[in-house]
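Report on one structure; see the data block that follows.
Remember, it's a predicted structure, so these values are computed and weren't measured experimentally. Chain letters run A, B, ... following the sequence lines, proteins first, then strands; residues in each count from 1.
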Amino acid sequence: MTAAPTAGAGARFAILGADQSPDLLEREVQATWEAEKLFAQLQRERAGGEPWVFFEGPPTANGRPGIHHVFARTIKDLFCRHRAMRGYLVPRKAGWDTHGLPVEIEVEKRLGISGKQDIERLGVEEFNRLCRESVFTYRGEWERLSERMGYWLDYSDPYVTYSNDYVESVWWALSTLHQRELLYRGHKILPYCARCGTSLSSHEVAQGYEDVEDPSVYVALDIVLTNDGPVEQGVDAEGRPRSTRRILVWTTTPWTLVSNTALAVNPSLVYVELRRKSGDSGFTLTLAESRVAGVLGLDWADRWTEVARREGSEMVGWRYRRPIDWLTFDDGDHEVIVGESFVSADDGSGVVHMAPAFGADDYAAGTRHGLAFLQPVDARGRFPETMPRVGGKFVKEADPALIDYLREHGSLWKAGALTHSYPHCWRCRTPLLYYARTSWFVRTTAYRDRMLSRNARVDWHPPEVGSGRFGEWLVNNIDWAISRDRYWGTPLPVWVNDADPTEVEVIGSYAELAQRVGRELGPDFDPHKPFIDAYTWPARSGTGTMRRVPEVIDAWFDSGSMPFAQWHYPFENVELLPQRYPADFIAEGVDQTRGWFYSLLAIATGLGDALPGNGGISSVGDGVTPALPQAAPFRTVVVNDMVLDANGQKMSKSRGNVVNPWDVIERHGVDAVRLFLLASSKVWVPRRFDEDSLRETAGRFLVTLRNVYSGIFAQYANFGWSPSDSAPVYEERPLADRWILSRLTTVEREADELLGDFDATAASNLLMTFVIEDVSNWYVRRNRSRFQSPDGILDAAAFATLHEVLVVTCRLLAPLAPFITDWMHRQLTGKSVHLASYRRAHPPLADPALEAAMAEVRELARLGRAAREEAGIRVRQPLSRVVCVVPPATPSVIHELLPLLREELNVKEVELASSADSLVSLSARPNFRALGIKFGSRTPLAARAVSELDGDSLQVVERGGTVDVTVDGETHPVGLDEVTIQRRATGELVVQEADGRFAAIDPELTTELRSEGLARELVSKVQRTRREMGFAVSDRIRLLVDGDPARIAALREHAEWIASETLTTTLIFGPDWPSGDHAARTLDLDGTSVRVALNRDS
RNA sequence: GGGCCUGUAGCUCAGGUGGUUAGAGCGCACGCCUGAUAAGCGUGAGGUCCGAGGUUCAACUCCUCGCAGGCCCA
C-alpha cells in the first residue's frame, strides 16, 4: 500500500490503476487494519462515549457461511459502523451457538450412524466429546470470512453457549423462572416412532411422508344435553337405548376414539340437523351443512329433511356420550362440544373428535377448555393387556377390532378407507404416532400480554413483521416446550426425587449444586451429559434420591439467554450489565422470527426485574408489579429476507446454485458485494444475487468513484496542488463549487438521517446517485478544464472543493463500503475513515435556492440536447442561441448559472424568456387536486373550462389575479391555485419542452458558426492524433494543416485558439511540408478532407 | 389450513397522505465524446401498473374476492 501523503508541498496522491483488482486493494487495506489493530483502536477512542448496544445473534458454527450470511452481517456491520462514527461506543462481542440438534446430526453423519440407539451404543460421553470438537470445525472459516468482508467483531473474547460460565447463567435463568412458578412439567404432542422409541424433530418428519391407506370412519354419537335441556331418549332399530339426536363425527384414527374426551365444531360454520323421511325416522343427525352432500350423497334431499340449522357457536357446551367407555376419566371436563376455529369443513363431517393425548390441535384445545386427558398407550405403541378386545395390540393394528365394536354398538355410521399422506419414521418406515410426551415448559402464556406490550415498543424494520408475522403469532402463544430428549445441550437443571416425582429442585448455580452434593465440583467440572447425571443427593423428605431428569434444553433457550449469559450474569459483571442491556439494535434474517427474536423476548419478559432495568414481573400468581417500563430486550430490529439466485430460485445444494461468497468477493471485491446487496432492494424483501447486475450497478459506481479520484483529482493534483494550499473561503469560490458543496451538505444530512432511521437501501442509492450524477456527471464534467489546466486561484479552488467532496463522501460511504473509502480517505487526509466523525462539525451551509436553480439548469440542458438531437446538429457545432423558460418560482440565482448551460449546449447566448415574450404562448393545465375540492363531481367540467382559458386571462392569473370560468352554468373565480400555467415556444425555433419548462435552439448556422465548428473539429482530431502517437499531455508540437482553401481560410480565423488547445508552438497553414520526422494524416472534417502533419517540438 | 410478504418497461427495482404526462438503472436502437480511455456522455423506443368487482368527480395508490410466486407455521 502506498504511503499516505503528508500535507505540504510535493504531496503525492496514489493513483489507482484501472487494472488494480478490488480484491487485492481490499486485502491490502485489511492488512493495514490488522497491523494497526484499527478496530481495537476505535473501541479505545470511543470508550468514553455513550454506549449504543448491539447484540450479535450467534451463528451455529457447524456449516460453511454462505452469501446470505454476508448479507446479514453487512447489515449488522454498517449500522454499528455508522453509530460508531457518530461517536457512540458500540460493543461488538462475538458469540457462537454451539448446542443443539444440528450439531448432533453433523456428528452422526460424520460417524455414519443415525438414531438414539446408535448414539447410546457409542456412548454419550464420546458422542458429546465429538460434538464439542465439531462445533469449531468451521469457526476458522467464519472468522476469516467475517474479517474479509469487513465485519468488525471482537473475536478475542466471544461468548460460547457450551462454556461452563454460559451454562451457569442459563441455569440461573431457569431457576429464576422456576421460582416464579413459570417452569412446569407437562405434556407435549410429538411425532413419535414406537419402534425406535423416540420422538422425531420436524425435519425428520418431513423426510418420511408416504401415501398410505387409513380407515375413514364416521360415528354417530348421542347428544344428551343441549342448550334447551336434556335430549329425549329412545331405542334404535336393534332395540338399544339411544338418544333421539345424534351428531356425526369423522376420524381416520379409530384407535384414538378410546381416548375421546370432547368434540369440536367450528363456531362460524353452519350445521344442519336432518331427519330421515322414511324408515328409521325416530332420530336426527347433525353435521356441517357443506358436508351433507359429501357424506350422505348428492341425492340426500330425497331421503332426508332438514329440521334445524344453527351455527357451530350455538352448539358449544352441548353434551354427548362417548363411543367407547373403557377408560376412567381423570380430572377435567369431558363429553362436551367445544368451539375451535381450526375445524374445517373440507372433509369429514365438520365435527372433529378430540383426543388430547394424541394430537397437537386436540392437546391445545384440551388445554384451552380444561379437558380430561386419557393416555392408555405405552412407549411401544400398545394398548394395555387389560384393555378389552385390543389389549396388547399395537394401536394401528387395533383399528379393525375397534370398528367392529362400534358397529356392534350401533354407533358406526359408515366405514371406508382413505389414501392420504402420512408421516413415517424415516429410519424404519413405521407410521408415526402423535403422542403426548412428558416435557418441561416455560409458562409463557402467563405473561403473553407483557410480551405483546414489550413487543409494541420495538422499532421493527419492516413494521409488519413485528405486528404481523411476529405479533399475530404472539397473540396465539402457547407455552414453550424447552426440554429435548437429546444429548448435546445445556442439561436441564431439574432434579426429581425418584421416590416422589412431586419433589422437584431446580439448581441455579454451580455453588448451589456443590452445596447439595456436599463437595467441591472441582476444576474439571463439566455440566454436560453424561457427567452431570452422576450428581445425586438424598431427598430432603427423607425417602428417595434426587436425580436429574434426562433432558437437555432447547438450544433456542441458550441463544435467547445471551443478553445476560454472555456476561456470565449474575455471577459476574453485575455493574456492567445495566450498560449492556437492552440492545439498541439487532439484525437477523426473517427465519429468526420464531427463533431468536422470540427466545430473547420470552426469556427477558419472564425474568422481568431479575434483569437490571427490565421492569416487569416480580412474581406471578396474584402479585404482579408492573412498576418499571417494560422494554423489549431489543429496541430496534432490522429483519432481512433471503438471498436468491439470479433467477429468483432459492439457493440449495441440490440445485447447485449456491453462491460461494469467496468467489464473488474475489471477482468483485467486498465493497461491491455489500453495496449491491444493500442497494438492490429493501433488505426485508428477498433479493436476487446476479453478478451481471452487481457489475453494472455497484461495480460501475465504484469504478466511477475511483475514476473521479484517480483520473481527475489525484492525477492533476499531483502536478502541484496540496491540501495545505490556501483556497478561497467557500463563499468566494465559483458558483459551481458552491453548488456541489451545498449538495454535499444536503446529502451528508440526508445520508445520516437515513442510516439513523435504518434505511440502508435509500442511503446507498442516495450516495451512489450523488457521486455518479452530481459529482462525476455534472460537477467534474463541467469543470474538467479547471483540473486539467488551472488558471488562477479560482480555478485551482476546484481541487480544494473536490478534495472536500471526496473526503466527506468517503465518510458517508464508509459504513457501506469500508475498504475503498478507507484507502481513499487515507490518501486524501492521511487518516483512517473509520476513526472519523460521520458528519462534519461545521459544514458549509446548504443553499437550497442554488440547488433548485441548478436542477432547472440541468433540466434545460437535457431539453437543449434533445432539441439539438431533433435538429440533427451535434454538440461540437456552436449555435447562436437557446431560448429557455423555467417555472416562475425558480430562484433568480439561475441567471448566474447560465454560463454553465452555454458551455454545456455550446451556444453563444442563453436567453431566459418571460411570459410576455413574443416567443412564448401560455396554456393552462388544470390542477385537479384543487379543483376536486371545490367542484366535486363537476371537476371534469371545471377542468375543461380551465384548460380553455386564453393567454390574456392566464397572464392575469399569473400576476395573482383571478378570472371567471363558467361551469355548469355557474360562474366561479379561478386563481393560481387551480391552474398550472405552461409556456410553449412559438416561431421557428426547435423546441423541447416538459413540465412547464422549455429550451428552444436557433438552428441557423452562420458562416462564422460554421468555421468555429470546423476549428473545433480539427482540434478534436489533432488531439486524438497526438494521443495515438504517444505524446505526453504537456508535449508541445509543430502542426501543419493543408486542404481546401475555403476550409483553410475558415480555420485560419481560429488559428490562435487551435494552437493553444493543441499546445502548438508553430502552426502552419499551407502545402509546405516540414522536413524531418512527422506524422501525416488525412482527416475527415465535416465532409471534406484536410491533411495534417505534426511532430514533437523538442 | 393459518399468518406475512411480493406482483409496475425485455430484466432489476422506485413510486408519503387517491389528482389525469407512472420514473430510474441495465439491456436495446441511434448518436456523441476521445488526455477519467480495458473509461465517459446523450437522445429515443419500450408499460390495459397480475385479474375481477367495489368506493370516488378521480384508483398503481383505498376496500373485497381471486390468480401467481415466496417465507414461516400447522
Side-chain angles (χ1 to χ4, degrees), chain A residues 15-19 202 341-344 346 360-361 364 462 464-473 475-476 589-595 639 641-642 644 646-650 676 679-682 684-688 690 692-697 700-701 703-704 706-716 761-762 765 768-769 772-773 776-778 780-781 784 787-789 861-870 872 874-876 904 925-943 992 994-995 1020-1021 1023-1028 1031-1034:
Chain A
I15 304 282
L16 216 42
D19 53 349
S202 57
S341 57
F342 65 75
V343 176
S344 107
D346 293 344
D361 283 338
E464 61 268 15
V465 172
S467 57
R469 187 184 272 234
F470 192 55
E472 290 291 327
W473 179 69
V475 169
N476 297 313
V590 69
D591 55 327
Q592 295 298 320
T593 308
R594 285 155 204 203
V639 180
D641 211 309
M642 298 197 307
L644 309 171
N647 301 315
Q649 298 285 306
K650 194 172 177 174
F676 171 71
S680 52
S681 62
K682 299 279 184 208
W684 45 82
V685 170
R687 76 225 32 252
R688 300 181 179 200
D690 177 7
D692 289 338
S693 175
L694 184 157
R695 215 188 321 271
E696 72 207 15
T697 54
R700 204 173 71 92
F701 160 73
V703 166
T704 300
R706 283 167 59 153
N707 279 344
V708 168
Y709 165 79
S710 291
I712 299 293
F713 178 78
Q715 181 177 199
Y716 295 109
T761 306
N765 288 313
M768 299 207 299
T769 306
I772 290 176
E773 287 300 317
S776 167
N777 201 10
W778 191 247
V780 164
R781 196 158 57 78
R784 199 178 257 146
F787 295 98
Q788 291 166 347
S789 48
R862 191 180 76 76
L863 294 169
R865 284 188 295 255
R868 270 185 173 275
E869 189 95 5
E870 187 186 337
R874 63 174 60 155
V875 178
R876 199 153 50 197
E904 178 71 10
R925 245 181 85 195
N927 180 348
F928 279 88
R929 191 191 286 272
L931 293 172
I933 294 165
K934 206 182 221 175
F935 292 98
S937 63
R938 289 171 304 163
T939 302
L941 294 173
Q992 286 287 326
D995 290 328
S1020 149
K1021 300 221 156 138
Q1023 298 288 39
R1024 192 189 310 192
T1025 309
R1026 277 181 60 115
R1027 184 131 187 261
E1028 282 165 11
F1031 290 1
V1033 180
S1034 54

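Distance CZ (A/Arg700) to C1' (B/rG40): 10 Å, rounded to an integer number of Å.
Set against B/rA74, B/rC32, B/rA39, the side chain of A/Asp361 has B/rA74 as its closest nucleotide. With distances taken from any side-chain atom of A/Arg1027 to the nucleotides B/rU34, B/rC33, B/rC41, the minimum falls on B/rU34. Of the candidate nucleotides B/rC71, B/rC33, B/rA36, B/rA36 has the atom lying nearest to any side-chain atom of A/Tyr716. Set against B/rU34, B/rC41, B/rA36, the side chain of A/Arg1024 has B/rU34 as its closest nucleotide. Checked against B/rA36, B/rC33, B/rU43, the side chain of A/Glu869 finds its nearest nucleotide in B/rU43.
Using a 90° window around 0 for the glycosidic torsion, B/rG46 falls inside it and is classed as syn.
Interface remark: the A/Ser937 side chain does not form any donor-acceptor pair with the B/rA58 base, using a distance-only criterion of under 3.5 Å. No hydrogens or angles were tested; on distance alone, a donor-acceptor pair under 3.5 Å links the side chain of A/Arg784 to the base of B/rA36. For A/Arg469 against B/rC5, a side-chain-to-base donor-acceptor contact under 3.5 Å is absent.
Dashed line: the shortest gap from a side-chain N or O of A/Arg874 to OP1 or OP2 of B/rC32 is under 4.0 Å. For the pair A/Arg876 and B/rC33, the criterion of a side-chain N or O lying under 4.0 Å from OP1 or OP2 is met.
Within 4.0 Å (heavy atoms only), A/Ser776 reaches at least one base atom of the nucleic acid. A/Ala1032 comes within contact range of at least one nucleobase, with a heavy-atom separation under 4.0 Å. Residue A/Phe1031 is classed as a base contact, given a heavy-atom separation below 4.0 Å to a base. Counting non-hydrogen atoms under 4.0 angstrom, A/Asn765 reaches nothing in the nucleic acid.
Where A/Gln788 and A/Val465 meet RNA chain B, the nucleotide closest to each residue was compared, and A/Val465 sits on the side nearer the 5' end.
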> In the 5'-to-3' direction, what one-character label does each nucleotide of nucleotides 6-20 of chain B receive under the scheme B = base within less than 4.0 Å of a protein heavy atom, S = sugar-phosphate only, - = no such atom?
Replying inline: ------SSS----BB
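Look at the C1' atom in both B/rG19 and B/rG31: the space between them is 38 Å, to the nearest Å. Rounded to whole Å, the separation between the P atoms of B/rA14 and B/rC62 comes to 15 Å. Here, B/rC26 and B/rC67 have their P atoms 39 Å apart, quoted to the whole Å.
Shown here are the ring pair (Phe, Tyr, Trp, His ring centres under 6.0 Å) partners of A/Tyr709, two or more places apart in sequence or in another chain: A/Trp823.
In this structure, CZ in A/Arg929 is found 12.0 Å from CG in A/Leu931, a value given to the nearest 0.5 Å.
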